[in-house]
Each structure stands twice: as C-alpha cells, then as structure tokens.
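FYI, side chains are in, hydrogens and waters are out, and symmetry mates aren't considered; it's all heavy atoms of this structure. These figures come from a predicted structure and were not determined experimentally.
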Amino acid sequence: MAKTGYGKRSAPGQQPRTRDDFALLPTRERYVAGFVDHLPDGAAMSVKQLAKQLPLYGQQAISTALKALSVAGHLRRVRCSVGAGDESRWVFRTFWSRTARDNEWWATYLATENASRTTAPVKPPAPTAVPQQRTAPEATPDPAPAPAPATPPTAPPTVPTTPPAAFSAAYLALARLGRNDHRLGLSADDCTTLEPLAAQWLDRGVTTDYLTSTLTAGLPTQIDSPTGLLRRRLIDKLPPRLPATPSTPTDTPAPTRRLLVECTDCGRPGPPEALPDGLCRPCHTTHSAGGPPSPDPTQIAAVKAHMANLRDLLKPV
C-alpha cells in the first residue's frame, strides 16, 4: 500500500463492476486491469510495485500494459504539489476508471480536480474545549437584621502613593552595564542622559544584547569617565538603518497547487490537453505507428555483408 493520499485514486461515475469488464482488451491488459480495479484507493501503482504483485509479468510487460490501458481511457498518471512553503513537494497519483473515458472527459475531470484542490477552503483549527469548572453553589446568606445606625469612625488621611516610573529598554540596558562590568558603572542621571542615544540603536532594529556587547567590547584597562566613553561609542558606532521588510497582507491568496498529467510511457509532465490518451507526442506517435519502424531489407543485407567481411578479416592466415 502507498502512503495515505497517494497511489490509486478512483474516478467518479463508474459503472458497477461486472464479469464482462475489460472483455475487449487483450489478455495481458485484461489481467492487469482486473487486478488494478480491485485495489483500494491509496494503493501503490508504480510499475515496480505492480510487477511484485503480478508474478506472471515483468516490469516491462506491466509498463506496456499500463500504456495500453491509458490509451484505452482507463487511467491517467498525474503529479501534484502538496504542502505549503518550504514543505511543498511533488507527489504522484494514478486516477483509475473502470469505465473507459475519452480525452475530453479526462481533460474536464482533471481540470475540475485541479480547481477543487486550488479553491479548497482551509479548515480552521478546532476550538480548544474548556472543561466546565465544578464550583459549589454559593449559599445565599439569610437576610440579617439591619444594624442600628452608628457614627462611622474617622478614617486616617490616606497618603497618595506614586507608582514607580516604567523604565525603557534603553535605560535598563545602560543600567545593567555596571553590573556586568564594574568599570562601566553609571548613575541614574547618567542613564537618563545617555538614554536617548541608546534608544536610537533600538529604533534601528538592534537588540539589547547587541547593544550591550558593542558597548562592552574592547574596553581599556582603566576607564576614568564611563559616561564619556559610552557617549562616544553610542555616537560613533551607531548602526545603519535597514529598510523595513514589507509585511505580507493577511488577504494574500494561497499559492496555486498545480496538477500535471504525466506521460504513462516516459513520465514527461504536461497539461491534460497536451497529452491525449495519457501519452506525450513522441510516445503517442510511436504507439500509433505500432512500434518503431522496421529497417529496410536492403539495410539488413548490407549489415549482414559487413559482418561477414569482418569475420573473414579475423580469420587466421
């Protein structure tokens, strides 16, 4: 069996299976067709796999029989792309029809199959089921008698608390320099002064790790003014501004998945209308002519005379 979704694919609209199926085909083709017709969908349909399961014929005979079945209108080999992005790959399938079809039917069906694959909606992920929480029902308290009005106690005056100011990523990166290297210890005022220069680095797309490694690389043994050193480095080593990458719009259509028909004989791909009877033009011409042309009798006689002359030359004197 081939992997799920690969191998044999049954075409729709076939007639019910009877004992007289493929009666007009030669013995070998009728034998292969009967075997293929009973294979389940997804079964491997390569010449090598079929030859392993049909001991009466070898790979060459199986290949010739499949070509005859393609010309008779029973099968078409195709290749199509599956997956998306970097995981896209080509897979091979064989569409099979117990009922013989003409080229127009196959071209229409494969075009419809291609269109249905292209416009198939992507199934949204199933919502995650949230288990129902089992909580005990809250007991309704009995109504208590209203207490007698009393003079409320005087509350102490509340002192308003000022929330701590949120520091920027540039400020925090500068403040951590002294903890990583004591030579770069900065005061709060120094961090506030250098914060606009460090923010320019982050605005250009660099990370705080990149900023820290650049400021701490190659430091001298003794630093008398860490503020002056860092200011000089923030100005002189300011990275370039890169162009913004255009974001992909959410309504971008999905890539079209192509479906190409393969020549049953040589495997050359092409659109359905370019491969009548499932064969490319050279193979179709060879099949229509009944095989390769026989040599001219005069050429045969000339070859025999040439070989006889060679034998005479090889005889010992």
Side-chain angles (χ1 to χ4, degrees), residues 1-54 56-57 59-80 91-120 257-281 283-288 290:
M1 288 288 292
K3 295 182 180 179
T4 304
Y6 301 85
K8 178 185 174 183
R9 285 293 185 90
S10 297
Q14 302 184 45
Q15 296 179 359
R17 186 179 288 116
T18 63
R19 296 176 57 89
D20 298 331
D21 292 335
F22 319 113
L24 300 180
L25 296 175
T27 303
R28 181 182 59 188
E29 283 71 15
R30 183 167 62 250
Y31 178 76
V32 175
F35 178 81
V36 172
D37 187 51
H38 285 80
L39 289 176
D41 278 6
M45 283 285 293
S46 65
V47 173
K48 183 180 294 185
Q49 291 295 331
L50 291 178
K52 288 182 180 180
Q53 302 177 66
L54 299 176
L56 295 181
Y57 303 105
Q59 295 186 25
Q60 186 63 36
I62 295 296
S63 177
T64 306
L66 292 178
K67 180 173 65 175
L69 293 175
S70 177
V71 174
H74 291 288
L75 67 86
R76 289 291 186 273
R77 290 190 181 276
V78 302
R79 64 173 68 175
C80 53
V91 298
F92 302 89
R93 292 172 178 156
T94 301
F95 286 95
W96 172 261
S97 174
R98 186 184 314 111
T99 305
R101 308 291 187 178
D102 55 14
N103 293 323
E104 289 75 12
W105 188 94
W106 278 114
T108 304
Y109 170 68
L110 294 177
T112 305
E113 177 73 11
N114 193 8
S116 62
R117 286 171 47 81
T118 303
T119 59
R257 298 181 177 180
R258 296 177 296 169
L259 185 147
L260 299 175
V261 181
E262 273 195 344
C263 176
T264 310
D265 190 10
C266 67
R268 180 179 300 176
E273 58 274 7
L275 283 82
D277 298 332
L279 300 175
C280 63
R281 182 173 299 178
C283 296
H284 196 277
T285 302
T286 304
H287 183 273
S288 302

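The side chain to side chain contact (heavy atoms under 4.5 Å, CB included) test applied to Asp102 returns Glu104, Trp105, not counting sequence neighbours. Listed by chain and residue number, Leu25, His74 satisfy the side chain to side chain contact (heavy atoms under 4.5 Å, CB included) test with Ala72 (two or more places apart in sequence, or in another chain). Contacts of Arg19 classified as side chain to side chain donor-acceptor pair (under 3.5 Å), with partners at least two apart in sequence or in another chain: none. Among residues two or more places apart in sequence or in another chain, the side chain to side chain contact (heavy atoms under 4.5 Å, CB included) test is passed with Ala51 by Gln59, Ile62. With sequence neighbours left out, Thr108 forms a side chain to side chain donor-acceptor pair (under 3.5 Å) with no residue at all. By the side chain to side chain donor-acceptor pair (under 3.5 Å) test, Asp277 pairs with Asn103, His284, sequence neighbours left out. For Ser97, the side chain to side chain contact (heavy atoms under 4.5 Å, CB included) test picks out Ala11, Gln14, Thr99, Arg101, Trp106, with sequence neighbours left out. By the salt bridge (charged side-chain N to carboxylate O under 4.0 Å, His left out) test, Asp21 is found to be paired with no residue, residues two or more places apart in sequence or in another chain being considered. In this structure, the ring pair (Phe, Tyr, Trp, His ring centres under 6.0 Å) partners of Tyr31, at least two apart in sequence or on a different chain, are Tyr57.
Nearest heavy-atom pair across Ser70 and Gly278 is OG-CA, 3.4 Å. The two residues Ala44 and Leu39 make their nearest non-hydrogen contact at O-CD1, 4.3 Å.
Atom CZ of Arg77 and atom OG1 of Thr264 lie 6.5 Å apart (nearest 0.5 Å). Here the straight-line distance linking atom CZ of Arg17 with atom CG of Asp37 works out to 4.5 Å at 0.5 Å rounding. Separation of atoms CZ (Arg9) and CG (Asp41) is listed at 7.5 Å; rounding is to 0.5 Å. A distance of 5.5 Å separates OG1 of Thr64 from NZ of Lys67, quoted to the nearest 0.5 Å. Interatomic distance, Thr18 OG1 to Arg98 CZ, rounded to the nearest 0.5 Å: 8.0 Å.
Ser46 places none of its side-chain heavy atoms less than 4.5 Å from the side chain of Phe92.
More than 12 heavy atoms of other residues, nucleotides or ligands lie within 6.0 Å of CZ in Arg28, so this atom counts as buried by the packing criterion. Crowding of Leu56 atom CG: a count of heavy atoms from other residues, nucleotides or ligands under 6.0 Å exceeding 12.
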- Task: Given side chain to side chain contact (heavy atoms under 4.5 Å, CB included), test Leu69 with Trp96 step by step and report yes or no.
- Result: CA-CA 10 Å; Leu69 293 175; Trp96 172 261; 4.1 Å; yes
- Message: Before you tell me yes or no, could you show the steps for Leu50 and Leu66 under side chain to side chain contact (heavy atoms under 4.5 Å, CB included), namely the whole-Å CA-CA distance, both residues' side-chain angles and the distance that decides it to 0.1 Å?
- Response: CA-CA 10 Å; Leu50 291 178; Leu66 292 178; 4.0 Å; yes
